[in-house]
Amino acid sequence: MKIPLSWLKEYVDFEDTVEGLADKLTFSGVEVEGIERLGGGVPGVVVGEVLGIEKHPNADKLTLCRVNFGGPAEMTVVCGAPNVAVGGKYPFAPLGVALPCGITIEKRKVRGVFSEGMLCAEDELGISDHHEGLMVLDAAWAPGTPLAEVLGPPETVIEVEITPNRPDCLSLLGLAREVAALYGTKVKVPDTTLAESPPAVEKATSVVVEDLTDCPRYTARILQDVKVGSSPDWMKRRLEAAGIRAINNIVDITNYVMLECGQPLHAFDQKLLAEGRIVVRHPKPGEKILTLDGVERALEPQMLVIADAQKPLAIAGVMGGEHSGINESTTDVLLESANFRPASVRATSKKLGMLSDASYRFSRGVDSELAEFGSRRAAKLICELAGAKVLKGVVDVRSEPRKPQTVVCRPARLEALLGLSATPEDIASLFESLELKVRRHSPEAIEVEVPSFRGDLTREADLIEEYARIYGLKKLPPVRPMATIVPGADDKPAQAQARLRAVLAGLGLQQIMNYSFLADRLLDLFDKDGAPARVRLANPLTAEHTVMRDALLPQMAETIGLNVSRQVSEAAFFETGRIFRLGPDGRPSEEDHVAIGLFGPVGRTGLDRFRAVDEQEMFLWIKGLWEQAAAALNLRAVKLRPADRPWSAPGRGMEIVVDGAAVGWLGLLKAEIAKEWRIHEPVGLLEAGAKPLVKDIATIHGLTPLPSYPSIRRDAALIMGLDVRHERVLEVARAAAPPELEKIELFDIYQGKNLGPGRKSMAYAFTYRSPRGTLTDEQANGFQQLVNAALKAQLPAEIREG
Amino acid sequence: MDIKEVEGLTAQALSELAGAADGTALEGLRVKYLGRNGLLPALMQGLKDVPAADKPALGLALNRFKTDVTAAVKERKAALEAGTRPALEAGFDYSLPGRWPRQGRLHPITQLIDRTSAIFRRMGFVVADGPDIETEYYNFDALNTPPDHVSRDLGDTFYLPGGLLLRTQTSAVQARYMEQRQPPVRIVCPGRCYRRDTTDATHSANFHQIEGLYVDAKVSLADLKSDIDHFARELMGPAVKSRFRAHFFPFTEPSVEVDFSCHMCGGTGCRVCKQSGWIEIMGAGMVDPNVFQMAGYDPENVTGYAFGMGIERLAMILFGIDDIRRLYENDVRYLAQF
């Protein structure tokens with residue numbers, strides 16, 4: 001809301017700069033969003049008319065303008081503005097004038113030609129930051145007219161943001177009350193005494209309100225002999241400074257009074273009303289109305305209209321109709337000052353997509369006691385400014401007025417809540433400055449009667465807030481900050497998740513973050529069958545974000561794709577986030593997941609990174625990464641089971657099993673999916689539930705004592721078919737070996753022509769150790785022979801011993 | 001054998017060692033003096049023929065011989081090696097790119113959640129969490145949001161079938177937590193929130209907040225101010241101050257907006273604070289009595305404060321991020337800079 005300062009000062013006195021005022025208002029809850037200075041002009045600057053333009057002989061971008069500024073002679077001015085035109089009128093600073101931007105105009109040469117003055121842009125005049133060209137003035141102004149006359153008297157306008165709990169501040173008087181409380185002064189309420197003329201208003205009109213819930217109050221006054229015309233300049237200026245276009249004196253007065261006190265008003269041409277009377281009712285089926293903005297609108301039964309004996313005239317509290325408004329020939333005015341239920345106005349305004357100054361105020365709530373004041377005030381102005389006479393009395397239809405609220409504030413409670421001490425007298429006097437009537441006060445309690453315009457004050461806490469914001473939040477006493485331990489409160493789950501992230505980052509993964517919602521298409525790529533169990537947004541904002549993710553991998557792959565498309569040659573990512581699914585009962589559930597994505601030579605260091613990565617290698621990286629993570633997370637009994645996923649390349653998917661429970665998958669991305677992002681190299685992926693991964697994070701699984709005796713190693717190279725897997729070697733060897741076999745390590749794989757087609761050599765180191773004594777060479781040889789015999793027979797393999 | 005003789009031998013050995021021209025010569029001298037059949041074992045052997053009274057002194061002298069000569073051998077060896085190293089390893093290039101597996105990084109939003117949580121943990125808060133999918137009750141009703149409040153509109157909140165919604169604020173966790181525990185309560189709740197905002201440089205439909213709640217027998221607005229002041233200093237720097245402006249939120253009364261003095265310019269005005277010297281950081285206030293009532297607390301017996309701030313906004317301010325969308329784009333070249 002825009003507040004012209006000179007207007008505000010009509011209702012309240014305060015000694016301060018505008019910045020000081022803005023500061024006080026902002027800290028007390030009325031945020032000042034901007035300060036704008038209008039009008040005023042600059043001494044000496046006048047209207048100049050450009051009579052002719054020539055090119056500057058020595059500069060391409062400059063022109064020479066002949067300017068008439070009402071003086072005895074034309075002046076030649078060097079000008080660089082792009083928008084200068086012959087016949088145009090601009091602010092002109094003659095020689096000797098000092099401009100707010102710091103320039104004093106002197107006769108001086110610009111590129112060899114004398115310039116005798118300056119045509120000005122807005123920033124040079126200190127009006128705004130605008131410097132796109134000269135400030136263009138209306139062609140009607142005579143050259144030589146002082147700029148101050150063109151721009152009008154100086155005015156400062158502050159723009160304030162009013163929070164939804166303070167509808168009373170959507171007016172100058174409301175704001176004046178705040179200012180009065182902040183500066184310890186009193187509000188000056190404008191005079192509303194009316195010189196009424198017979199006959200009584202009841203002879204001229206009547207009002208029927210069919211729904212007193214949606215329209216708790218409706219008042220009507222009749223004004224006759226109205227002369228519709230233009231408003232006085234002072235009123236137009238104030239309205240325009242407040243951001244409202246002046247139309248005619250009657251409409252302007254209704255707007256003026258709305259801004260002044262917050263009561264929206266509407267003026268009907270009474271002669272256009274069927275039977276000259278008002279019926280407030282809900283629309284009949286099929287009724288339409290042509291609103292002031294020229295649009296015909298279909299009305300719905302739950303809306304509320306102001307009608308005459310036959311037809312709707314206006315949409316209550318939202319907008320007037322085209323056919324009943326004030327026009328040049330209006331002589332009799334029915335002045336509406338009413339009150340409508342906020343939720344009803346809000347719903348109608350929203351449904352019709354219409355926002356007006358009236359609907360804004362009614363939506364937030366207008367004090368129903370204000371209706372009579374607003375009506376009197378407007379009637380008085382119409383009498384004064386439109387030569388009207390006002391009929392005696394007012395038609396006032398209303399529901400039972402609300403009883404005045406009383407609220408109690410206990411100083412002890414105030415002290416507890418704010419942490420500052422105040423005497424009952426201080427509190428009472430601060431409340432009185434806000435026009436709260438103190439009914440009684442004792443050291444224990446202060447009881448106040450809340451005026452009708454402060455409907456937001458219903459509880460003790462509300463009063464305490466009033467005290468805090470008017471007393472001054474800057475004056476809260478300093479307290480030493482104290483760390484307070486709450487016994488029994490811990491956050492182990494949060495710590496575990498932080499630890500998981502630290503482990504993954506420590507393994508070289510960059511954390512990424514994707515949105516929780518996306519489009520089905522990407523999820524379908526990874527698992528079409530999951531679609532029925534997805535959680536859908538009822539009111540998505542874009543087609544890109546319609547469904548909650550049921551897996552993290554689709555966006556992981558997409559992220560890798562984005563990086564690949566930007567020439568990033570390798571990526572190692574993880575994401576932790578929630579996934580969402582509908583349960584069998586149709587209720588959504590959510591679960592923390594973790595996903596990993598690898599692309600490029602991420603598992604290598606140094607110059608090795610420039611070799612291409614094959615499927616086997618990428619697979620071993622994603623698997624190795626998982627093994628490292630599992631070890632770092634203290635997981636035991638970890639297994640991988642071959643199991644393809646809809647997204648995994650055939651034979652390249654594994655199920656992750658921890659303590660017998662499947663917790664996730666890892667594997668390589670299917671080529672058909674990778675193609676989506678033009679990825680043609682292997683992508684390693686993993687997704688698992690986060691909770692099962694952190695379950696042992698704080699567990700030590702019992703310690704194994706360090707060995708007392710040395711170990712002994714035997715090597716064996718197995719030459720066998722390509723189809724024999726490492727795990728089979730381990731299985732056979734372990735089954736055949738005595739308990740002294742401590743570990744089996746693969747240290748070489750070789751395929752070559754000398755082995756023959758379809759054959760490979762895998763070399764293993766077998767380590768033996770006994771807890772009872774140092775093993776002899778003979779013992780070790782004996783163990784290895786057992787193992788070798790089994791391998792030879794069962795794999796089968798040819799063995800070369802090392 | 002006497003002490004003089006031993007000292008003479010020591011001096012001689014040291015002088016010869018200093019003159020050793022190469023490794024071979026040095027090894028020869030080591031064997032001559034310290035070797036199994038060298039001088040030292042012979043002298044030790046001779047110690048048994050010395051009168052008992054002279055034994056301790058002579059023993060000490062022989063020990064000194066051993067340590068001095070051993071040290072001299074080591075020293076000469078190092079000197080000879082230092083002199084010959086460049087010749088031995090001519091191809092060594094210290095300027096080649098280093099080799100070690102990469103270190104990963106946490107997303108800047110996680111980093112900020114961790115940083116802010118750590119500050120509050122030190123002040124005795126614990127981290128609490130709740131679901132992203134919420135009921136209207138926990139997201140709005142329990143926080144004293146009026147039934148027809150604009151924030152409940154279809155235009156502002158994402159709804160799901162069955163009357164559920166995506167939480168618009170982490171405050172929903174507060175209501176859940178209070179329902180399950182009796183005061184005192186001292187928690188922070190970092191988490192993901194959703195609002196039906198069109199995504200642009202400063203808005204994201206999916207974002208993060210961290211929320212704080214402290215409820216106890218006697219918690220005041222002055223406590224909130226001092227705790228927030230402490231947080232401001234810890235997060236932004238020792239010179240940073242906070243200030244309260246009165247405001248309105250349905251779930252607190254009194255309510256305030258909190259500005260921090262600009263960490264870039266110290267409050268004199270710069271581009272980061274739009275010349276104001278202050279940056280709006282969070283909303284806060286004293287928990288509304290209605291919120292306590294709904295949680296089953298007696299507002300006569302407890303008071304409490306609550307605050308909440310946007311992590312993305314904080315990240316933009318602290319890290320100088322110009323466009324919120326960069327945080328969700330996941331270009332590794334950008335993320336790796338945090």
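Numbers restart at 1 for each chain; the letters A, B, ... are given by sequence-line order, proteins then strands.
- For A:Phe580, the part sitting under 4.5 Å from any heavy atom of chain B is the side chain, from C-beta outward, and nothing else.
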(request) Begin with the C-alpha distance, continue with both residues' side-chain angles, and end with the deciding distance and a verdict on side-chain contact (heavy atoms from CB on, under 4.5 Å) for B:Leu335 and B:His107. (result) CA-CA 7 Å; B:Leu335 293 182; B:His107 192 279; 3.8 Å; yes
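- Ranking A:Leu562, A:Val30, A:Asp608, A:Ile485 against chain B, the residue ahead of the rest is A:Leu562, based on heavy-atom pairs under 4.5 Å.
- The choice from B:Glu329, B:His149, B:Arg196, B:Met286 that makes the most heavy-atom pairs within less than 4.5 Å of chain A is B:Arg196.
- A cation-pi arrangement, defined by a distance under 6.0 Å to the six-membered ring centre and an angle within 45 degrees of its axis, is present between A:Lys474 and A:Phe27.
- Of the residues considered (B:Arg243, B:His230, B:Arg186), B:Arg186 shows the highest number of contacts with chain A, using heavy-atom pairs under 4.5 Å.
- Of the residues considered (A:Leu504, A:Asn165, A:Val486), A:Asn165 shows the highest number of contacts with chain B, using heavy-atom pairs under 4.5 Å.
- Ion pair B:Asp156/B:Arg152 not flagged as a salt bridge, since none of the NZ, NE, NH1 or NH2 atoms sits closer than 4.0 Å to an Asp/Glu carboxylate oxygen.
- For chain B, no part of A:Leu582 is nearby; none of its heavy atoms comes within less than 4.5 Å.
- Taking a 6.0 Å sphere around CD of A:Glu544, one finds it holds 12 or fewer heavy atoms contributed by other residues, nucleotides or ligands.
- Comparing B:Val219, B:Asp114, B:Asp288, B:Val256 by heavy-atom pairs within less than 4.5 Å of chain A, the highest count is held by B:Asp288.
- For a residue to count as touching a neighbouring chain, one of its non-hydrogen atoms must lie under 4.5 Å from one of that chain's; by this rule A:Pro540 touches chain B with the backbone only.
- Looking at B:Leu106, the atoms closer than 4.5 Å to chain A (heavy atoms on both sides) sit in the backbone and in the side chain alike.
- Both the backbone and the side chain of B:Asn330 come within contact range of chain A, judged by heavy atoms closer than 4.5 Å.
- We find that A:Glu415 and A:Arg410 are not joined by a salt bridge, their nearest charged nitrogen and carboxylate oxygen being 4.0 Å or further apart.
- In this structure, chain B has heavy atoms under 4.5 Å from both the backbone and the side chain of A:Ala461.
- Note on ring orientation: taking the six-membered ring where Trp is involved, the planes of B:Phe249 and B:His247 are tilted (angle from 30° to 60°).
- Formation of a donor-acceptor pair under 3.5 Å by the B:Lys225 side chain with backbone atoms of B:Leu221 is not found in this model.
- Of the two parts of B:Arg181, only the side chain, counted from C-beta on, holds a non-hydrogen atom closer than 4.5 Å to a non-hydrogen atom of chain A.
- For the set A:Met482, A:Arg480, A:Arg413, A:Arg604, the count of heavy-atom pairs under 4.5 angstrom toward chain B peaks at A:Arg413.
- Checked by atom type, the side-chain pair B:Tyr328/B:Glu312 shows a donor-acceptor distance below 3.5 Å.
- With no hydrogens or angles considered, no side-chain donor-acceptor pair links B:Asp197 and B:Ser204 at under 3.5 Å.
- Proximity to chain A is absent for every atom of B:Leu165, based on heavy atoms less than 4.5 angstrom apart.
- Of the two parts of A:Lys492, neither the backbone nor the side chain holds a non-hydrogen atom closer than 4.5 Å to a non-hydrogen atom of chain B.
- Distance alone, capped at 3.5 Å, is enough to place a donor-acceptor pair between the B:Arg195 side chain and the B:Thr168 backbone.
- For A:Asn514, the parts sitting under 4.5 Å from any heavy atom of chain B are the backbone and the side chain alike.
- Only the side chain of B:Tyr177 comes within less than 4.5 Å of a heavy atom of chain A; its backbone N, CA, C and O stay farther away.
- Using a 4.5 Å cut-off between heavy atoms, A:Leu417 touches chain B through backbone and side chain atoms alike.
- Proximity of a side-chain donor or acceptor of B:Thr252 to a complementary backbone N or O of B:Ala306 within less than 3.5 Å is not detected.
- Ranked by heavy-atom pairs under 4.5 Å with chain A, the first of B:Asp227, B:Thr303, B:Val332 is B:Val332.
- Contact annotation for B:Ala128: neither backbone nor side-chain heavy atoms come within less than 4.5 Å of a heavy atom of chain A.
- At a threshold of 4.0 Å, the pair A:Glu178-A:Lys24 does not count as salt-bridged, since none of the basic side-chain nitrogens sits closer than that to a carboxylate oxygen.
- Considering only heavy-atom pairs separated by less than 4.5 Å from chain B, the leading option among A:Leu476, A:Val479, A:Asn539, A:Thr163 is A:Asn539.
- Side chain of B:Ser226 to backbone of B:Asp223: a donor-acceptor contact under 3.5 angstrom is found.
- If you measure heavy-atom distances from B:Val188 to chain A, you find no contacts under 4.5 Å at all.
- Of the two parts of A:Glu31, only the side chain, counted from C-beta on, holds a non-hydrogen atom closer than 4.5 Å to a non-hydrogen atom of chain B.
- Your options are A:Thr559, A:Leu537, A:Asp490, and the one with the most heavy-atom pairs under 4.5 Å with chain B is A:Leu537.
- Residue contact with chain B, scored on non-hydrogen atoms closer than 4.5 Å, involves the side chain of A:Met548 exclusively.
- When the candidates A:Thr605, A:Thr484, A:Asn563, A:Leu509 are compared by the number of heavy-atom contacts under 4.5 Å with chain B, A:Thr484 comes out ahead.
- Heavy-atom distances place both the backbone and the side chain of A:Arg566 under 4.5 Å from chain B.
- The candidate from B:Gly124, B:Pro184, B:Pro254 with the greatest count of non-hydrogen atom pairs under 4.5 Å with chain A is B:Pro254.
- At a 4.5 Å heavy-atom cutoff, the contact between B:Tyr214 and chain A is made by side-chain atoms alone.
- Contact of B:Tyr194 with chain A is made through the side chain alone, with heavy-atom distances under 4.5 Å.
- For chain B, no part of A:Arg609 is nearby; none of its heavy atoms comes within less than 4.5 Å.
- No other option in B:Pro108, B:Ala217, B:Pro131 has as many heavy-atom pairs under 4.5 Å with chain A as B:Pro131.
- Residues A:Lys350 and B:Asp153 are paired through a salt bridge, judged by an N-O separation under 4.0 Å between the basic side chain and the carboxylate.
- The contact between A:Arg587 and chain B is made entirely by side chain atoms (from C-beta outward), counting heavy-atom distances below 4.5 Å.
- Using a 4.5 Å cut-off between heavy atoms, A:Asp456 makes no contact with chain B at all.
- We find that B:Asp132 and B:Arg192 are not joined by a salt bridge, their nearest charged nitrogen and carboxylate oxygen being 4.0 Å or further apart.
- No donor-acceptor contact under 3.5 angstrom links the side chains of A:Gln511 and A:Glu575, judged on distance only.
- Using a cut-off of 4.0 Å between Lys/Arg side-chain N and Asp/Glu carboxylate O, B:Glu234 and B:Arg122 are scored as salt-bridged.
- When atom types are taken as modelled, the side chain of B:Glu211 and the backbone of B:Val173 share no donor-acceptor pair closer than 3.5 angstrom.
- The aromatic rings of B:Phe125 and B:Phe120 lie perpendicular to each other, with more than 60° between the two planes, well past the 30° mark.
- For A:Ser516, the parts lying under 4.5 angstrom from a heavy atom of chain B are both the backbone and the side chain.
- Residue contact with chain A, scored on non-hydrogen atoms closer than 4.5 Å, involves the side chain of B:Glu257 exclusively.
- With salt bridges taken as basic N to acidic carboxylate O contacts below 4.0 Å, none links A:Arg581 and A:Glu590.
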